[in-house]
Amino acid sequence: MKKDNQHIILKTENLSIGYASKKSKTIVASNINIELHQGELVGLIGGNGIGKSTLLRTLTKVQNQLDGTIYINNKDISKYASIDLAKVMSLVLTELISSKNLLVKELVALGRQPYTNWVGNLSEHDKIIIKKVLKQTNIQDLKDKNCFELSDGQLQKVMIARALAQDTDIIILDEPTTHLDMYHKAYVLKLLQKLAKKTNKTILFSSHEIDLAIQLCDKLVVMTDNGVVSDTPCNLIEQGTFDALFPKDLIVFYEKTGSFRVKK
Amino acid sequence: METNKSYKTTFIVLVLVTLACFFINISLGSISIPNSEILKSFFGSINNRSWQHIILDYRLPKAFTAIIVGSGLGISGLMMQTLFRNPLAGPFVLGITSGASLGVALTIMGASIFGGVLTAILISKWSIVIAASLGSFLVLLAVVIVSTRVRDTMAILIIGLMFGSITAAVVSVLSYFSSAEELQQYIFWGFGSLGNLTWEELLVLFIIYLTGIFISLSSIKALNTLLLGENYAKSLGLNIKKSRLLLIISTSLLAGTITAFVGPIAFVGLAIPHMTRQIFSTSNHKILLPAVFLLGAIVMLLCDCIAQLPTSDYTLPINAITSLIGAPVVIWLLVRKRRMMF
C-alpha cells in the first residue's frame, strides 16, 4: 500500500465491542482490525443498530472493549491518563452543549482546556491557535456571536473548530451531518476533507451519507452483519461490500453512481 | 476562556456599592447613632460605651455575617446550577437544609422524647449549631456515597430531593408529638437570624467559609468545562468524579455551615446566580464567581437593612425578606431581558 510510510495514528487489534454485565456478554461486533493513518479522512458507515456508536464509544474510551486492544500512536489506549488522551483525541458529539449562552470564541477557546493553567487563562500561543482555527473553519465573522444565535450548520462548524483547537492527532465526530440540509451536509464533510489534508490530522466520522462519504473519504470503515471491513471506497465498491449493507428488499446499490436507489 | 468585554468598571461599581451597603447596614438599627460616632467607634475613640458595644459587638458581626451568608449561598447556588445544568438548582438541592433542619428539630423537639436529662445539655446556643452541622453533614455524606456510585449527575439531584422529603417527613412526625413551646422555638430557628453571632462563632464560620470559597475558586476551570456537558468535559481531560465531589464538598461546607449558624436562608442561593447572569450576560465562571460574591453580599446587606425596620423596635424574619424583596427583582430582570441567561 502506498500509505505504509505514513504514521499510524489509530489501530485496533482483534477488537471486540459490546456490553458486558456480571451475568452475560453482548457482543455487538468482533474481530475488528482497522488502521487509520495520519491525514486521512475516514468515514464509518453501517445501518442503524449495527454498532457504529458502540464502536465510537469504545474508540473514545467512553466504554471498555470486551476484547482486543486499541492503540493510539502505538500506545495502548487504556494506558492513557484522561488528560493525556485529551491531547491526542478530540470529539464532536451529537449531544447539544449544556449552555448555549457562550460566545463562539469562548466555546472554541474551551478546546484549549487541556493546555491551560488551573484557572484556564489563555497564553499567547493558545490565542494564535484559536485565531488559526477560526480561519480554517471559516467562522471568523461568527466569533462574537452567542451560540444560541447560530443555525445548526454554523454551530456544527463551531464545534469542529473547538475540536481543532484541542490540537489533537485524531478528531472523532459522531454523525456530524444530522439535522443539516443537503448543502450543509456536503459543506461539513468537504470541510473535514480540507482540514484532514491541510492540518494532517486524522478525522474519523460516522455518517449515514454513504454517497457523500464514498466521494470524499480516503478510507471507509463499513460495518455489516458479515463483519467490519475497511478499505478505500473504490476497492469496497469492487468487492461489493455495500450490497451487504442493507436488506435488499427496498434499496439497491449502483456501482456506477456509487449510491443507493429505491427499487421500482 | 476569552471574554468579550472587560468588566472592570462594573466590578469597581459593585465593590463601591458593597462598601456603601456595609456602612449603611451598620448605621441602621433600633437605636440611631450618628455616622461620625460610628466611624469613631472603629478606632475606639468613642465616648459612649453602650454605642460602642452596640456597634462592635452587635452590628459589625451582623454585617460580616450578612456578607458571608449572601456570598456563600450565592456561590454554592452557582456551582450547583452549573453542575446539575439546571436553573432550578440551588445550594439546598443536595438536601443540606433538610439535614440541618432535622438536626435542629431533633435537638429542640426530640428533647421531650429522649427525656429531660438530655434537655439541659442539648439546649444551648452551640448545640443548635452542632446539631445543624451534624445533620447537614450526615445528609451530605449519604449524598456523596451515593454520588460516587451513580454515573448520572441528574440522579444525584433526585437523590438530594428524596433525602429532603425524608427529613421533612421526620420533622413533621416530630412536631406532631412536641409541645407548642418547642414548636415555636423550631419555627423561630426557621425564620433565620443574622444577628446572633458572637465574634467567636463568626470566626468559626469564617474559617469554614474560606475553605469552601477556596475550593470553589480552584474549580473555576472545571465549572467552565462543565458548560459543554459531561461527555465533552471528559473528552477535554476533566476528571468528572473528582470535580463533582469537590463541588459537592464546597457547597456543603458553605451552605451547611451557613445554615447551621443563621438558619435556613431561602432564595438567595437560587436567585443571586440568575441576577448575576442577567447583569453580566456571560457564563464564564471567572467573571461569574466574583460577581456572585459581590451581588450576594449586597443583596444580603440590603435585606438585613430592611428586615430590621430602621427606627422601629421590630425585626422581621430575614428568611421572609430575602424572598419578598428578591423574587420580584428576578422576575423583573427576566421579563425585561426576555431571555433567560443560562
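Numbered from 1 within each chain, the chains take letters A, B, ... in sequence-line order.
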Looking at [atom1] of [X] and [atom2] of [Y], how far apart are the two atoms once the value is rounded to the nearest 0.5 Å?
X	Y	atom1	atom2	answer
A/Leu107	B/Leu227	CG	CG	9.5 Å
A/Ile97	B/Arg85	CD1	CZ	12.0 Å
A/Leu110	B/Leu226	CG	CG	10.5 Å
A/Ser99	B/Arg277	OG	CZ	8.0 Å
A/Leu93	B/Ser235	CG	OG	6.5 Å

Considering only heavy atoms, which portion of [X] lies under 4.5 Å from any heavy atom of chain B: side chain, backbone, both, or neither?
X	result
A/Leu85	neither
A/Asp84	neither
A/Val62	backbone
A/Arg112	neither

More than 12 non-hydrogen atoms from neighbouring residues, nucleotides or ligands closer than 6.0 Å to [atom1] on [X], yes or no?
X	atom1	result
A/Lys131	NZ	no
A/Tyr19	OH	yes
A/Lys25	NZ	no
B/Phe206	CZ	no

Practice task
Determine whether the side chains of A/Thr116 and B/Lys221 contain a donor N or O and an acceptor N or O closer than 3.5 Å.
Solution key: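 Yes, B/Lys221 and A/Thr116 have a side-chain donor paired with an acceptor closer than 3.5 Å.
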Practice task
State whether a side-chain donor-acceptor pair under 3.5 Å links A/Asn121 with B/Lys286.
Solution key: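 Yes, because at least one side-chain N or O of A/Asn121 sits under 3.5 Å from a partner of the opposite role on B/Lys286.
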Practice task
Check whether any side-chain N or O of B/Ser283 sits under 3.5 Å from a backbone N or O of A/Asn101 as a donor-acceptor pair, and report yes or no.
Solution key: yes
Exercise for the section: Determine, stepwise, if the pair A/Glu106 / B/Asn224 fulfils side chain to side chain contact (heavy atoms under 4.5 Å, CB included). Expected result: CA-CA 10 Å; A/Glu106 286 179 320; B/Asn224 278 338; over 6 Å; no
Problem - Contact check, side chains of B/Tyr232 and A/Gln113, non-hydrogen atoms, under 4.5 Å - result: no
Handout entry: Residue B/Leu236 versus chain A: region with a heavy atom under 4.5 Å
Key = both
Problem - Heavy-atom closest pair, residues A/Arg162 and B/Leu228 - result: CD-CD1, 3.9 Å
Problem - Largest heavy-atom contact set with chain B, pairs under 4.5 Å, which of A/Ile83, A/Leu96, A/Asp126 - result: A/Ile83
